[in-house]
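Given the structure is predicted, the values throughout are model-derived calculations rather than measurements. Whatever order the structure lists them in is the order used to number ligands and atoms, beginning at 1.
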Amino acid sequence: MEYKNLLIETVDGITTLTVNRPQVLNALNSEVVQELECALYELDLDSAVKAVVVTGAGEKAFVAGADIKEMAGMSSFDAHDFSRRGQRLMLLMERMRKPVIAAVNGYALGGGLELALACDFIYASEKAKFGFPEVGLGVIPGFGGTQNLARLIGPNKANELVFSGRIIGAAQACEWGIVNELCAPEELLSRALDTAREIAAKGPLGVAYAKDAIANGLNMTKEDGFRYEASLFGVLFATGDQREGMGAFLEKRSTNFTGK
Ligand code: DAK
């Protein structure tokens with residue numbers, strides 16, 4: 001499918017998906033949200049794709065939020081529809097079998113930070129900036145941001161960031177646990193791609209089930225989470241990937257996983 005606002009490039013099983021509206025700092029309008037949903041759905045179904053890196057076009061922004069120009073004129077019905085689409089996109093990213101890494105190259109504000117938080121983890125340029133300016137616009141984060149941020153860094157830090165609308169730098173975001181790795185701007189994408197390749201070399205079913213266990217387990221009691229983990233662990237013993245992974249270890253050779 002052709003996308004007007006996304007650049008998609010797959011090399012050796014790793015897809016780089018770039019939000020491409022640099023003239024408005026890659027702000028998310030309803031068309032971009034729809035394109036992201038379609039693209040990620042396609043990538044999840046594509047067996048040649050092992051991992052996805054999401055980034056923003058240009059030097060200034062990852063995504064500077066939802067498109068304020070479009071939102072300002074929305075009817076209540078449009079806003080509801082926009083919100084449902086955005087939430088569907090964030091849930092899709094969480095439920096995808098493929099790992100998704102955010103490479104935050106500049107501003108990640110509002111819906112942009114929500115997009116990054118919906119990825120499995122975040123690498124950031126030392127120049128990146130993070131924040132939820134929504135309360136200054138008279139609204140709240142509406143694409144899962146309050147939920148994902150509080151789960152990630154705890155309610156106290158999430159409260160401070162969301163209530164103040166403050167924009168913080170990449171070093172503080174890293175210290176607070178929002179960012180896994182800080183990178184020199186020119187190395188950000190290659191660091192994210194290196195990690196994506198490292199993951200892609202592992203058993204795809206193992207990675208997919210680990211993602212499932214961590215994401216879904218967080219919404220369960222610890223005991224239910226343990227039970228869920230055990231059931232996924234058991235299912236993997238019916239797969240070729242488990243036989244291949246353990247067989248390769250015992251035969252002292254490298255693995256050749258098929259994801260089956
Ligand atoms: N939307 C639309 N255009 C944007 C934009 C945005 N979020 N951010 C930047 N732009 C545009 C600017 O208008 C400007 O366009 P022109 O004036 O050149 O036509 C161009 O991008 C360059 O931006 P600036 O000239 O402002 O660049 P600066 O370096 O001076 O400032 C900045 C960079 C990132 C500090 C500034 O652009 C800024 O404050 N941008 C807005 C950031 C923001 O408030 N983002 C959060 C948006 S609220 C919902 C679900 C989700 C949400 C809402 C509802 N539902 C449940 C319905 C999410 C809300 C948000 O994300």
Part of Met71 within contact of ligand 1 (heavy atoms, under 4.0 Å): side chain

Within-shell test, Gln23 vs ligand 1, heavy atom, strictly < 4.0 Å: yes

Exercise check, heavy-atom protein proximity under 4.0 Å to atom 29 (O) of ligand 1: yes

contact_flag Gly86 ligand 1 heavy-atom lt 4.0 Å: no

Heavy-atom proximity to atom 42 (C) of ligand 1, best of Ala61, Ala64, Gly65, Gly136: Ala64

Side-chain H-bond candidate by donor/acceptor type, Glu31 with Asn5, under 3.5 Å: yes

Nearest non-hydrogen partners of Leu113 and Ala108, listed with the distance: CB-O, 3.5 Å

Qualifying residue for side-chain contact (heavy atoms from CB on, under 4.5 Å) with Leu193, from Ile14, Asp12, Val11: Ile14

Glu59 atom CD: more than 12 heavy-atom contacts under 6.0 Å: no

Identity and distance of the protein heavy atom lying nearest atom 37 (O) of ligand 1: Leu25 CD1, 3.7 Å

Ring centers of Phe226, Phe233 separated by less than 6.0 Å: no

Nearest-neighbour protein heavy atom for atom 1 (N) of ligand 1, which is reported as residue plus atom name and distance: Ile68 N, 2.9 Å

Ligand 1 atoms in contact with Pro133 (distance to a heavy atom under 4.0 Å): 43 (C), 44 (O), 45 (N), 46 (C)

Part of His80 with heavy atoms under 4.0 Å of ligand 1, whether side chain, backbone, both or neither: neither

Sub-4.0 Å protein heavy atom near atom 48 (S) of ligand 1: yes

Test item: protein heavy atom less than 4.0 Å from atom 23 (O) of ligand 1: yes

Salt-bridge criterion met for Asp120 and Lys211 (N-O under 4.0 Å): yes

Any N or O of Gly142 closer than 3.5 Å to N or O of ligand 1: no

Nearest atoms (heavy-atom pairs only) where Ala248 meets Thr255: CB-CG2, 3.6 Å

Heavy-atom side-chain proximity of Phe130 to Leu161 below 4.5 angstrom: no

Full working for side-chain hydrogen bond (donor to acceptor under 3.5 Å, both in side chains) between Glu114 and Asn148: CA-CA 8 Å; Glu114 294 180 296; Asn148 283 336; over 6 Å; no

Heavy-atom nearest neighbour in the protein, as seen from atom 38 (C) of ligand 1, with distance rounded to 0.1 Å: Leu109 CD1, 4.7 Å

Which atom of Glu134 lies closest to which atom of Gly110, heavy atoms considered: OE2-CA, 3.0 Å

Polar contact flag for Gly110 and ligand 1 (N/O pairs, less than 3.5 Å): no

Arg197 and Asp194 ion-paired at < 4.0 Å: yes

The single option from Asn26, Val24, Val32 passing side-chain contact (heavy atoms from CB on, under 4.5 Å) against Leu28: Val32

Taking atom 13 (O) of ligand 1 as the reference point, the nearest protein heavy atom with its distance: Lys69 NZ, 4.7 Å

N or O pair under 3.5 Å between Gly111 and ligand 1: yes

Which of the ligand 1 atoms, numbered from 1, are nearer than 4.0 Å to a heavy atom of Leu137: 44 (O), 47 (C), 48 (S)

Identity and separation of the nearest protein heavy atom to atom 55 (N) of ligand 1: Ser83 CB, 3.5 Å

Nearest protein heavy atom under 4.0 Å from atom 16 (P) of ligand 1, yes or no: no

Heavy atom of Val24, distance to ligand 1 below 4.0 Å: yes

Ligand 1 to Lys60 polar contact by distance, N or O atoms, under 3.5 Å: yes

